[in-house]
Participant: 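The following block contains the structure, expressed as C-alpha cells.
Remember, it's 1-based here, ligands and their atoms both numbered in the order they're listed.
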Amino acid sequence: MKVPFLSWSARLKEEKPLLLQAFERTLDSGLFVLGPEVEKFENAFAKEHAIDPALVVSCNSGTDALILGLKALGVSLGDEVIVPSHTAVPTISAIEAVGAIPRFADIDDETWVISLPSVKKLLTKKTKCIIAVHLYGNMVDIPALLQLGVPVIEDVAQAQGSRWKGHWAGTLGAVGAFSFYPTKNLGALGDGGLFLSREKFLAEQARMLRFYGQKTRYQAELPQGINSRLDELQAAVLSLRLTRLAEDHKKKKNLVQSYRSGLEGLPVVFQRIPAECDPHWHLFVVATESHERREGLKKFLEESGIGSLIHYQTPNHLQPAFSRYRRENLPVTEDLSKRILSLPLYADLSPDSLDYVVTKVKEFFSIR
Ligand SMILES: Cc1ncc(COP(=O)(O)O)c(C=O)c1O
C-alpha cells in the first residue's frame, strides 16, 4: 500500500465539472483581476467570518497578507517584530520585506505555539508588533497576548477555520493574514491570500496598498504600495471550496481522533490543544522521544510507502538567511524541531490508509 503525504486527486476528480464551469464563467466575463469573482469571494469569506466585507482584502499570497498587515500597522525600517522561530520561513520573510527586525521567541513545550513568557522577555521600546502563528491548526491565546498592549497580527496560514471560544482564527488580533496556497485548509489552484482586520482604517490601508497604494486607478494615495491582487480564476475556485470548509473540518477532526487513539500508548506525544480552541487541523504532527527515533521512523515509513514531512527541521533563528539577527537561546524550539514528524492528513484520506499508517508506526516501535 502507498500513502502519499498529501493527495488531492480524488478531490479534483470530484470538483472537475464545477471547476470547469467556474473557469468558463471567468473566461466569458473577460475580467481576470479584481473583478466580480473576487468581490463574490470576499463577500462569502466575510459572511463565513461574520464580518463586514469592507474589512476583508484578498491578495496574492499569505506572505503578502502579512506584508500588508505590517505596512498597514506602520511597521517599517528598524522596528522590532516578535515572532516564533518555529514557523514557516515566509513569516520571517514578510518582516524583512518591510525592513523590520525579527525578534525570535520560543514556543510552549505542550501547545507548540509562541510562548507568552518568551514574548515578554523580548519586549523593548522598539517592539512595534507581534506575529502570532496558529500552528498546525492549533491557536495562540490571542486575548492573553493582547494584554501586552502591542498590536498582534495573526498568521492564519495553517489554521483557517479554527476557533477560539467560538471566534474565528484571524478575527481576534489587529490583523488576520490567511494563505490559500494549495495545501492549506482553504486552498486555491495557485497562490492566493487574504488580509482581514476589524479596524476599518487598517482594512482601507491594505486595500490601497495591494493596488500600488492607489485608492482609485492612477491616483496614488499611499507610499510603498505593492501589486498583490487575487485573480478571478482563483477567486472562483475559492468560492467553490469555501462551501466545503466545514465538512473538511469535521472529516479531519475525526481522522486526528483516529490517529490519536490508534497511536495511544506509543512513545510519541501530540500537540496539546487548549480547551478554548476548536482546531481545523492543517497538519498532524507527532514528537518522538529522540532525534534518532524520528529519523528512524521517517525512514521506516518511507520504506513502507508512507510519505511524511518535517515542519520544520531548521528553526528560523538558525537559518543561514537570518544569521545577522540576534541569536536567541530557544531550547524548546531547538529540541522539538529534532523530534517532530508530520504524518499524512487530508480530508479525503481513507480510513484504510490511516489504519495502514498507524499499523506501520506501531510496527516501528515494536521492533525497536
Ligand atoms: C505559517 C505560515 N505563514 C505564512 C505562509 C505563507 O503563505 P504563502 O505561501 O501563501 O505566501 C505559510 C505558507 O507556507 C505558512 O505556513
Participant: Identify, for atom 16 (O) of ligand 1, the protein heavy atom at the shortest distance, and state residue, atom and that distance.
Facilitator: Gln158 NE2, 3.0 Å

Participant: I want to know whether Phe178 and Phe45 have ring centres closer than 6.0 Å.
Facilitator: yes

Participant: Hey, can you tell me if Tyr136 and Trp112 have their rings parallel, tilted or perpendicular (30° and 60° cut-offs)?
Facilitator: perpendicular

Participant: Short list, please: which atoms of ligand 1 are under 4.0 Å from a heavy atom of Ala88?
Facilitator: 2 (C), 15 (C), 16 (O)

Participant: Taking a hydrophobic cluster as the set of Ile, Leu, Val, Met, Phe, Trp and Tyr residues connected by side-chain heavy atoms closer than 4.5 Å, whether directly or through intermediates, do Val286 and Val361 fall within one such cluster?
Facilitator: yes

Participant: What protein heavy atom lies closest to atom 4 (C) of ligand 1? Include the residue and the distance to one decimal.
Facilitator: Asp155 OD2, 3.6 Å

Participant: Are Arg103 and Glu328 close enough for a salt bridge, meaning some N to O gap below 4.0 Å?
Facilitator: yes

Participant: Check whether Gln271 reaches the backbone of Leu135 with its side chain - one donor and one acceptor, N or O, closer than 3.5 Å.
Facilitator: yes

Participant: Only heavy atoms of Ser61, strictly under 4.0 Å: list the atoms of ligand 1 that pass.
Facilitator: 10 (O), 11 (O)

Participant: If I take atom NZ from residue Lys184 and atom CD from residue Gln160, how far apart are they, to the nearest 0.5 angstrom?
Facilitator: 11.5 Å

Participant: Give the ring-plane orientation class for Phe284 versus Trp281, where under 30° counts as parallel, over 60° as perpendicular and anything between as tilted.
Facilitator: perpendicular

Participant: Examine the proximity of ligand 1 to Thr63 and report which part, side chain or backbone, both or neither, has a heavy atom under 4.0 Å away.
Facilitator: both

Participant: Inspect the contact between Lys40 and Glu232 and indicate whether a charged nitrogen and a carboxylate oxygen are less than 4.0 angstrom apart.
Facilitator: no

Participant: Measuring from the heavy atoms of Lys184, does anything fall under 4.0 Å of ligand 1?
Facilitator: yes

Participant: Specify side chain, backbone, both or neither for Ala157, according to which of its non-hydrogen atoms lie closer than 4.0 Å to ligand 1.
Facilitator: side chain

Participant: Which of the numbered atoms in ligand 1 are under 4.0 angstrom from any heavy atom belonging to Thr87?
Facilitator: 1 (C)

Participant: State whether the shortest distance between N or O atoms of Ser179 and N or O atoms of ligand 1 falls below 3.5 angstrom.
Facilitator: yes

Participant: Any idea which of Gly187, Pro90, Ala177 brings a heavy atom closest to atom 6 (C) of ligand 1?
Facilitator: Pro90

Participant: Relative to ligand 1, is Val133 under 4.0 angstrom through side chain, backbone, both or neither, heavy atoms considered?
Facilitator: side chain

Participant: For atom 8 (P) of ligand 1, what is the closest protein heavy atom, and at what distance to 0.1 Å?
Facilitator: Gly62 N, 3.5 Å

